[in-house]
Amino acid sequence: MPETKETISINPATGETIGSVKENTIEELSAAVLKAKLVQKEWAEISIADRAKHLILIRNYIAVNAGRIAEVISRDNGKTRIDALSAEVIPAAMAADYYAKKGIKILARKHLRPGNLAFANKKSYVDRVPFGVVGIISPWNYPFAIPINEVLMALISGNAVVLKVATQTQQVAKILEEVVNAGKLPEGLFSILNIPGPIAGDAFIESGISKLFFTGSVPVGKKLMAKASEKLIPVSLELGGNDAMIVCSDADIYRAATGAVWGGFSNCGQSCGGVERIYVEAKIYDDYMKVLREKTEKLRIGFDKNFNVDVGSLTTELQLNTVKRHVQDALSKGAIITAKADPQPGNEKGLFLPAVVLENVADDMITMREETFGPVLAVQKVEDINEAIAKTNDSNLGLTASVWTRDRKKAHLIASKIEAGAVSINDHLMSHGLAETPWGGFKQSGIGRTHSYIGLEEMTQPRVVVDDIMLGVRKDIWWHPHSKEIYDGLIGVINFLYLQNMSKRVDGAIAAAKLFMRSFKAD
Ligand code: NAD
């Protein structure tokens with residue numbers, strides 16, 4: 001008997017062991033995919049309205065157990081319970097509700113009108129067909145909200161799911177399994193496995209899944225896509241960000257500073273769409289920085305014992321070291337920490353770092369070029385909005401961004417110039433919590449979209465069915481046997497449709513009509 005491996009879960013905010021979860025084998029993954037394939041066929045036959053009933057059961061279970069789920073997320077990932085509740089649990093319930101209610105219409109058959117007079121006899125419709133078994137690999141930073149959204153989208157679309165949650169958040173994986181099982185799904189339609197990342201990549205692709213939804217880092221996304229290309233398995237990749245916020249001179253300074261503190265430091269800065277870089281117009285720089293520094297220094301950082309903390313711990317030591325390295329690089333090249341909130345005393349055993357505001361930052365510092373993914377806000381003064389837009393777009397990543405101004409028209413104009421998958425006006429990051437808005441990035445921030453009607457489209461493939469409107473047509477005009485008459489008739493069709501000269505168009509119509517009459521005769 002091979003030895004059973006266990007993943008030990010540690011609360012990163014206290015260093016305490018909080019449980020263990022059995023590691024799954026590749027054989028178990030293959031068996032889960034095989035079973036899922038069989039069950040999926042029946043699931044896809046069920047009406048979307050009936051599938052939606054299972055999602056409503058999941059929604060209800062989340063609502064009843066919201067506090068307990070938030071507690072598990074907080075203890076496993078290090079974030080505060082309010083972070084967990086507001087950015088993971090409530091959005092998950094709203095997503096279940098949204099996909100259950102809107103999925104029916106979004107996934108319904110779409111009828112197409114003939115696009116051209118020459119094909120007026122053809123009518124078509126598009127059905128959204130599930131892929132089969134969707135493999136989902138998710139990260140530790142939103143260990144509940146990210147995978148459950150994708151599980152819900154996959155299920156309502158008629159797919160089976162095999163899910164792998166990050167090794168670091170296996171306690172969340174356990175409660176996620178409990179939540180999905182509350183949906184009383186057919187046995188084997190949904191499986192959750194604990195497989196270490198480096199093994200999971202090849203194993204998932206080889207396991208027989210029909211589509212991969214991956215959320216995580218850019219390098220792992222690239223590796224998975226390369227592997228998936230061997231079997232041409234379609235992939236949706238939700239990868240990293242290095243998000244900018246643009247603060248215009250007419251911004252509400254209080255809102256823009258308070259929003260930056262939430263967008264940059266909630267989840268301890270470990271948000272793919274969190275604020276990383278801030279570009280502030282010179283005219284208000286000093287006033288803005290005064291509020292930003294004050295707000296940052298007031299943050300209470302520590303283990304969430306009694307809800308009275310604002311920022312929790314980082315989740316992994318690796319991440320903590322990355323953040324330290326980015327800050328060190330910036331300081332060594334001339335950046336200055338102008339505001340800092342230290343972890344409260346008594347938190348020495350947790351993975352805590354101070355929340356910092358960096359000023360005097362230059363474009364070539366690592367923190368400006370790469371995703372820091374920690375409690376760091378790097379701020380630069382810019383002369384005007386054009387400079388801010390250029391700097392925002394000067395990145396190989398393009399997940400989200402935000403514009404802060406009281407002038408709505410200007411805000412939308414700036415938004416139209418930003419190379420990112422989601423732009424918020426006078427807000428940041430929160431659209432991840434909206435099931436109705438697509439989520440995903442430009443450039444190396446990913447491929448494809450999750451959430452919303454586009455997310456449901458990504459969980460399915462379109463199948464078009466084309467039919468004749470008029471019965472009795474024996475053959476299409478271009479079918480065999482070919483002849484000069486057919487050639488002239490086809491020239492007639494294009495002349496009739498597109499020539500500018502009226503008499504040539506009439507000649508064309510006559511030639512086309514003659515050809516059309518042939519359609520009703522057998523040779
Ligand atoms: P990661 O890429 O290391 O891991 C993500 C998941 O992939 C985990 O489940 C991990 O176990 C697994 N994994 C790791 N190596 C693998 C491999 N070789 N093959 C298959 N699976 C593998 O990322 P992370 O550190 O867990 O998450 C942080 C990153 O995720 C950040 O870059 C962040 O921006 C990004 N992220 C993006 C989004 C988004 O929506 N765009 C959301 C959250 C996080």
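In each ligand, atom 1 is the first atom listed, and ligand 1 is the first ligand listed.
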Please tabulate protein-ligand N/O pairs under 3.5 Å for ligand 1, atom names and distances to 0.1 Å.
{"residue": "ligand 1", "atom": "2 (O)", "partner": "S217", "partner atom": "N", "Å": "2.8"}
{"residue": "ligand 1", "atom": "2 (O)", "partner": "S217", "partner atom": "OG", "Å": "2.6"}
{"residue": "ligand 1", "atom": "9 (O)", "partner": "S138", "partner atom": "O", "Å": "2.7"}
{"residue": "ligand 1", "atom": "9 (O)", "partner": "K164", "partner atom": "NZ", "Å": "3.3"}
{"residue": "ligand 1", "atom": "11 (O)", "partner": "K164", "partner atom": "NZ", "Å": "2.9"}
{"residue": "ligand 1", "atom": "19 (N)", "partner": "G197", "partner atom": "O", "Å": "3.1"}
{"residue": "ligand 1", "atom": "19 (N)", "partner": "G201", "partner atom": "N", "Å": "3.2"}
{"residue": "ligand 1", "atom": "21 (N)", "partner": "G197", "partner atom": "O", "Å": "3.4"}
{"residue": "ligand 1", "atom": "23 (O)", "partner": "S217", "partner atom": "N", "Å": "3.4"}
{"residue": "ligand 1", "atom": "25 (O)", "partner": "W140", "partner atom": "NE1", "Å": "3.2"}
{"residue": "ligand 1", "atom": "26 (O)", "partner": "W140", "partner atom": "NE1", "Å": "3.0"}
{"residue": "ligand 1", "atom": "30 (O)", "partner": "G216", "partner atom": "O", "Å": "3.2"}
{"residue": "ligand 1", "atom": "32 (O)", "partner": "E371", "partner atom": "OE1", "Å": "2.6"}
{"residue": "ligand 1", "atom": "34 (O)", "partner": "E371", "partner atom": "OE1", "Å": "3.4"}
{"residue": "ligand 1", "atom": "34 (O)", "partner": "E371", "partner atom": "OE2", "Å": "2.4"}
{"residue": "ligand 1", "atom": "40 (O)", "partner": "W439", "partner atom": "NE1", "Å": "2.8"}
{"residue": "ligand 1", "atom": "41 (N)", "partner": "L239", "partner atom": "N", "Å": "3.3"}
{"residue": "ligand 1", "atom": "41 (N)", "partner": "L239", "partner atom": "O", "Å": "2.6"}

Next on the checklist: ring-ring contact (aromatic ring centres under 6.0 Å, His included) for W439 and F213? Distances and angles first, verdict last.
Outcome noted: CA-CA 13 Å; W439 182 266; F213 255 82; over 10 Å; no
Next on the checklist: Between D363 and Q380, is there a side-chain donor-acceptor contact under 3.5 Å, judged purely by atom types and distance?
Outcome noted: yes
Item to check | Any side-chain donor near an acceptor of the partner, E359 and T338, under 3.5 Å | outcome: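 Distance-only check passes for E359 and T338.
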Give the table of side-chain donor-acceptor pairs shorter than 3.5 Å for residues 87-94, with sequence neighbours excluded, one pair per line with atom names and distance.
{"residue": "E88", "atom": "OE1", "partner": "F144", "partner atom": "N", "Å": "2.9"}
{"residue": "E88", "atom": "OE1", "partner": "A145", "partner atom": "N", "Å": "2.8"}
{"residue": "E88", "atom": "OE2", "partner": "K79", "partner atom": "NZ", "Å": "2.5"}

Item to check | Sequence neighbours excluded - salt bridge (charged side-chain N to carboxylate O under 4.0 Å, His left out) pairs with any residue from residues 411-423 | outcome: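 Only E419-K443 qualify under salt bridge (charged side-chain N to carboxylate O under 4.0 Å, His left out).
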Next on the checklist: Tell me every residue that passes side-chain contact (heavy atoms from CB on, under 4.5 Å) with I233, counting only those two or more places apart in sequence or in another chain.
Outcome noted: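 Partners of I233 under the side-chain contact (heavy atoms from CB on, under 4.5 Å) test: I205, A228, K231.
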